4 protein chains.
Amino acid sequence: MDIQNLLEDIVGAVQPHIGQGSVANYIPQLGAVDAHQFGVSLVTRDGDVFSAGDAHVEFSIQSISKVFALALVLASDGDRIWKRVFREPSGNPFNSLVQLESEEGIPRNPFINAGAIVVTDRLLSLTGNAAHAVRDLMRQETGNAGVDTDHHVAGSELANGHRNASLAHFLASCGNLENPVDDVLDSYAKQCALAMTCEDLALATRFLASNGLGGDGTLLLSPAQTKRINAVMLTCGTYDAAGEFAYRVGLPGKSGVGGGIVAVVPNKCAISVWSPGLGRSGNSVAGVAALDEFTTRTGWSVF
Amino acid sequence: MDIQNLLEDIVGAVQPHIGQGSVANYIPQLGAVDAHQFGVSLVTRDGDVFSAGDAHVEFSIQSISKVFALALVLASDGDRIWKRVFREPSGNPFNSLVQLESEEGIPRNPFINAGAIVVTDRLLSLTGNAAHAVRDLMRQETGNAGVDTDHHVAGSELANGHRNASLAHFLASCGNLENPVDDVLDSYAKQCALAMTCEDLALATRFLASNGLGGDGTLLLSPAQTKRINAVMLTCGTYDAAGEFAYRVGLPGKSGVGGGIVAVVPNKCAISVWSPGLGRSGNSVAGVAALDEFTTRTGWSVF
Amino acid sequence: MDIQNLLEDIVGAVQPHIGQGSVANYIPQLGAVDAHQFGVSLVTRDGDVFSAGDAHVEFSIQSISKVFALALVLASDGDRIWKRVFREPSGNPFNSLVQLESEEGIPRNPFINAGAIVVTDRLLSLTGNAAHAVRDLMRQETGNAGVDTDHHVAGSELANGHRNASLAHFLASCGNLENPVDDVLDSYAKQCALAMTCEDLALATRFLASNGLGGDGTLLLSPAQTKRINAVMLTCGTYDAAGEFAYRVGLPGKSGVGGGIVAVVPNKCAISVWSPGLGRSGNSVAGVAALDEFTTRTGWSVF
Amino acid sequence: MDIQNLLEDIVGAVQPHIGQGSVANYIPQLGAVDAHQFGVSLVTRDGDVFSAGDAHVEFSIQSISKVFALALVLASDGDRIWKRVFREPSGNPFNSLVQLESEEGIPRNPFINAGAIVVTDRLLSLTGNAAHAVRDLMRQETGNAGVDTDHHVAGSELANGHRNASLAHFLASCGNLENPVDDVLDSYAKQCALAMTCEDLALATRFLASNGLGGDGTLLLSPAQTKRINAVMLTCGTYDAAGEFAYRVGLPGKSGVGGGIVAVVPNKCAISVWSPGLGRSGNSVAGVAALDEFTTRTGWSVF
C-alpha cells in the first residue's frame, strides 16, 4: 500500500467536510483558530512517518492528553487506578456531573473530564508534576524537545474552568482526590494545553500500535496494558459518540476539542488527524470523516 | 390557650425522641454538640414571647438563614431573583447537582443549597456583605446585639465545603453568579454559621407571622411577599421531606442541619424548635415531633 | 363579602386569559372542546352555592378525580396506602418514569399518574369497582344522579393510553399492583373520564373545606385526614408547578388536563374553575389566573 | 495451535468459577437450571468445529438472540433501523426506562431490551413472524432442524414480562412501534426463548467471523455490515459491563441471562461459552473468565 498516496487522497476526499461544525470557543484562544485546516499523519509500528495537509501546524491537543496521562499512571502504578475510576462508557456528555453524583464520586471512565482529573491527580502524586510528565513523554517519543504547554491556553482554561472546578470539588467532597483541588486543576489545564502537530501526535501514539514499545525500543507499557488502553479508547474515547465512532471507524481513538483525533491500528500503525470544526458530540467533523475514509480504503478496522 | 403550659407539655411529650437520629458531623464543630438537648420558643404576632426547655442555648442555624437572606433580597430587589432560581420543590436531596445540570444552572428553589448560594450572591451584590446583612436583620429583630457568626464553624465549613464549592463553580459555569466564587462561598458559610438561641430565632421569624411587620413596626416585607415566602417554605423548606412535613405538621417551616426548625402560623405566631439529632432527610427528629404535637394540640395547621 | 359579585368580577378579570394555552389533544375527545369557555363555582362550608360563567357546562375532570379516589381509600383503609406511595412533590412531569425507576416502583405521590394508579388499584380491591366508587361519591355530594363517566373519553383514553400502560406494567413489575394491569387501567380511565360541571365539582369538594363533613352531615373523612389531603394537594396537586401554584394562589388545589381546577380554603369554602386552555405545566391558564385573582381579592390564602 | 487442547484447558482453568454468581430466577424455568455446568465451542471461519465441557446441553439463549434479529433487519432493510434506535453504549442497566424517557423513545442501542424490542418490531413487519425468522436463521446456519423456542420459557417470560411490557408501551407512546404491543412482546419472548447448545450457537455466529459469509457460502451480510454488528457488540453487547468486557476480553461479544456468551475473533473464529451463574452485570461469571483465558492464551483480542 502506498501510504503517502493514501493520505493525499484522504486530504482530497475530506475537503467538503473541512470547515464544517463549530470551532470550540469556550476560551478565546481556541475560538481564534482558523477552521479551514486539515492535517493527517501516520506512523507505522516500525517508525515510518507519513504526513499530508496541515500536518505540521501546532494545535491544542486537549483531551487527547488523557491517553498519555493514563499510560503513565498504568505504567508506574498498575491497576490501582481502577479503584478510583471505572472503565465503562458514560452514556453522558464528557463533563457531566449526573453520573458522578449517582456513582458517589467514582467517574465512569478515565476519558471523561472527571475521570481524567482523577488520573492527573494520581500522576501528580506519582511524579510531582503531572503536566511535565506528560510533556516529557511527548518529547521523548517525538524527539521534539520543543513540545510544550501553550501557557495562554492553559491560563485561559483555568480562568474559565468553572465546570472542571465543579467536578474537582465534587471529587474532593467524595474523598477521590489526593492533592489540593487547585493543584490538580492547574496540572490538568497545562496537560490539556500541550501544543503539538499531527506528526508529533502520531509519533507519540506509536507505542499503542506496537505492544507498548517506545520509539527507542524501551517498553513503555506491557503488551497487556497496551491492549487495555486501546480497549478503553474504543469504548470511551470519543465522548458520547463512542458507539458511532466504533461503527463508522472501527478503531480505538481519542479526540480533543482542539479538533485532533488519534487512532490506533493495533500492531500496524498510529494515525492522527486534525481539523478544528467540531460536530455536536465534540469530535472533529473532518477528522472523523478522514478516519472513516481511511478504514474504508484500507480495511484496517479492528472488526 | 395557655401557651407556656403548652410548650412545657411539648417538652414532656418529645422526651422519647430527644437524642434520636444522628448529629450532623460533616464538620467537627457540629458533631461535638450534645444531642440530648431540646428547646422551643413561640413569639406571637403581637410580640409575646414564650420559651421552654433549652431555648436559651445557642446553636448553628445553618440553612434556616436561607429564609432571611431571601427576605432581604425580595425586600430590596423584588421578584427579579426568580429569573435566577425557580420556586419548585426539588424532589432531590438538598445538595444535589443532578437537577442543576438538567436545568442548566437555574436551581429548583432558594432553599436547596444551589439556590441559596444564588440568593447570597445577589445579597452580596446588593449589600456588599451578605453575612452581615443577615446578621444585622437578626440583631434588629431580636434586639440582641450579640448575635454573630461562629467563626470556627464558618471556617470549618469553608475548609470542608467541597460540595458547595462544586455547586458554586457549576453555577458560575452557567453564568448564574455575579460575584467571584470564593467571595460568595465565604458569605454563604458565614451566614449559615450564625449562632442563635431558639428564642432569638422565633423573635427573628415573627415578621413572617405578621404580614411582614418587623418588631419595631416597620414593614420588612409587603404582606404579599410575606405570604410568598411562607408558600416557598411550605413547599420547599424541609429538604426532600417537604411533603411529609406538610402532611404531619401543616405549617410553613425551614430546617437546618444544626437541628433547628422555624415554623410560621400565619397571622398568629412564629415558633422555633431545636434538637440536634437529625433524621434521614436532615430534619431534627425531636423538632418535627414537637411541631407535630404543637399543631395536633392547637389545631393551628394552615389546612 | 358579596360572593356572587366577586365571581362575576373574576369572570371579567380573566377574559384576557380565556383561550390562552393549548387544549389537551392527546385524545380527540378532549381536543374537540371549545377553548373559549370559563366557569367558576364556590360552595361555602355551610353549603351555599355561587356560580358564574360557564359553570354548568360539563367537562372531563381527569386528574381531579385522583383527590376523591384518595379520599375513599384513606377513609376505608387508613394510612396503609402510604406504604405503596410516597407523598413528596415529584420535581418531575406527571407521567414520568424516571422517578418510579429510581425509587423502585414506589411513586412519589398519589397525584402523579403512577401514584394515582396505585390508589385506584387499592380502591378496586376495596370496592370491586373503583370508577363506580368515585362516581357514587360524586353523585352523593352533588345530589346529581346524572354524574357519570363519558365512555367515549374513557374508551379513547384506553386506546391511546400507552404511557399509563407503561407505568402500570412497571408498577406490576415491582410488585406494587394488587389487580391485573388491564383491570386497573380500565378503572383508572373511567374514573378520569367522569364528566362534571364546575358547580358539581365545587359541591363534591366541599367536604375538604369542612373538616371532612359531607353534604348530608356524615363524616366522610376525619378532620386530621382532611387536613392531610389538603396538605398533599398543596405540595403535589398541580403537577410540576406546585411551588408556583402555592406562590401565586396559596391554596391546596388539584388540576386536570380537562382544564378544571378545584381549590380549598380550609374551613371556609371549596372553589372550582374551568377553562380548557392549558399552560406548559398542564394547568388551566385562565383557571390559575382566576384563583390568583380570587386569593388576591379575598386575602384567603392559607399563608 | 491445537484448539481442542486449548478448549479442554479452558474447561480446567475455569473450574473455580463454575457455580459462582446467581442463576437468573425471574422466571422459574431459568431458575431451575443446574448452575454447575460449563460448555465452550469454537467454529473457525472455515467451518472447523471444536467443543469441550457441556457444549451439547441446550440452554436459553435469551439476549444473544438480539444479534441475529439485528443481522436479519440490517440484511433486508439496510441502515433504516438506525432512525429508530441509537448505537451508543447505554451507561445504564439493560432494562432501564430512564434513558428511554430522556431520549424520547429512541433506545440507546439495539442490545438493551428497549432497542431489541424495536428491532423485533421491525423484523415482525418485514417477515410476518420475527421469532420464526430468527429460528430459521439458526436452523440454516447450524444445520440443526431441531432448533426451536422453548415454549414453557416463552410463556413464562410473557406472564412475568411486566418490565418489557412497560418498555414496549412506552415505545408505543412515543410512536416507535409499528405493530401492536402484544404482538411484538409475543415475538420477542419467543425469540429470546430459543433453546440451543454452545456448539449450535458458535456455528450460528460464524458468519460474523467471516465477513458475513454463511455456512453454505451465501452472503448473509455485507462485510461492512458485519464489521458494524461486531462494533455494536463490542461497545454495547454486555449490558453495563461493555467497558469491562472490552478491557478483559477484547472481543466483540453478546451475553444472555441464560448464561451464554458468543464472541467473535474477526476473520478467525466464533466462540461460544455457557455457564448459568451470572455476575452483578448479568453476564456469566465462568463464561467471562473463560473468554478472558481464551484471549490471554491466544493473544486473539482485537486490540
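For clarity, every value in this text was computed on a predicted model and none was experimentally measured. So that the names make sense, note that chain A is the first sequence line, chain B the second, and so on, each numbered from 1.
Top candidate by heavy-atom pairs under 4.5 Å with chain D, chosen from A/P252, A/G299, A/P266, A/G250, is A/P266. For chain D, the option among A/G243, A/A209, A/C236, A/S301 with the highest count of heavy-atom pairs below 4.5 Å is A/G243. No other option in D/F86, D/Y247, D/W82, D/F303 has as many heavy-atom pairs under 4.5 Å with chain A as D/Y247.
A/R297 CZ: more than 12 foreign heavy atoms inside a 6.0 Å radius.
The interface of residues 219-233 of chain D with chain A, defined by heavy-atom distances below 4.5 Å, comprises D/K227, D/R228, D/N230, D/A231, D/V232.
Across all their heavy atoms, D/L234 and A/T235 have their closest contact at CD2-CG2, 3.9 Å.
A/L208 does not touch chain D: none of its heavy atoms, backbone or side chain, sits under 4.5 Å away.
Judged by distance alone, the side chain of D/E88 and the main-chain N or O of A/E244 form a donor-acceptor pair under 3.5 Å.
Scored by the side-chain contact (heavy atoms from CB on, under 4.5 Å) test, D/T238 finds D/A242, D/F245, D/S255, D/N283 as partners (sequence neighbours excluded).
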